[in-house]
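See structure below.
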Amino acid sequence: MDRIIEGHLVSPKGRFALCVSRFNSLITEQLLAGAQDALIRHGVAENDIDVYRCPGTFELSPVVKRVAQSGSYAG
């Protein structure tokens, strides 16, 4: 008999940032929707999620770095 051990995700209080590339939007928009859905299902208010968009993956790293260093987000 297998034992199942599961944790319970409790999101930290604060705002969350999602950074997404506009390039290949057929895929990236679905990834964005999934990330937003996961945050909301785990108790993050929709108004506490900010979305940052950039043209492509080349620009994504600097955007993520700037957002992370801003200190404005819990995740």
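What you are looking at is a predicted structure, and each value in this text was computed from that prediction instead of being measured.
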Which donor-acceptor pairs under 3.5 Å do the side chains of residues 66-75 make with protein atoms, sequence neighbours left out?
residue, atom, partner, partner atom, Å
S70, OG, V67, O, 2.7
S70, OG, S72, N, 3.2
S70, OG, S72, OG, 3.4
Y73, OH, D50, OD2, 2.7
Y73, OH, Y52, OH, 2.6

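When the side chain to side chain donor-acceptor pair (under 3.5 Å) test is applied to R22, no partner is found at least two apart in sequence or on another chain. Checked against side chain to side chain donor-acceptor pair (under 3.5 Å), N47 has no partners two or more places apart in sequence or in another chain.
Residue L32 is found in a hydrophobic cluster whose other members, listed by chain and number, are F16, L18, V20, L39, I40, V44, I49, V51; membership requires side-chain heavy atoms under 4.5 Å apart, directly or through intermediates. Here F58 sits alone; no ILVMFWY side chain lies under 4.5 Å from its own, so it joins no hydrophobic cluster.
Here the shortest heavy-atom pairing between P55 and S21 reads O-OG, 3.6 Å. Closest of all the heavy-atom pairs between G14 and D48 is O-CB, 3.8 Å. When all heavy atoms of L26 and Q30 are compared, the pair lying nearest together is O-CG, 3.5 Å.
Under the salt bridge (charged side-chain N to carboxylate O under 4.0 Å, His left out) criterion, the residue pairs touching residues 51-65 are E29-R53, with sequence neighbours excluded.
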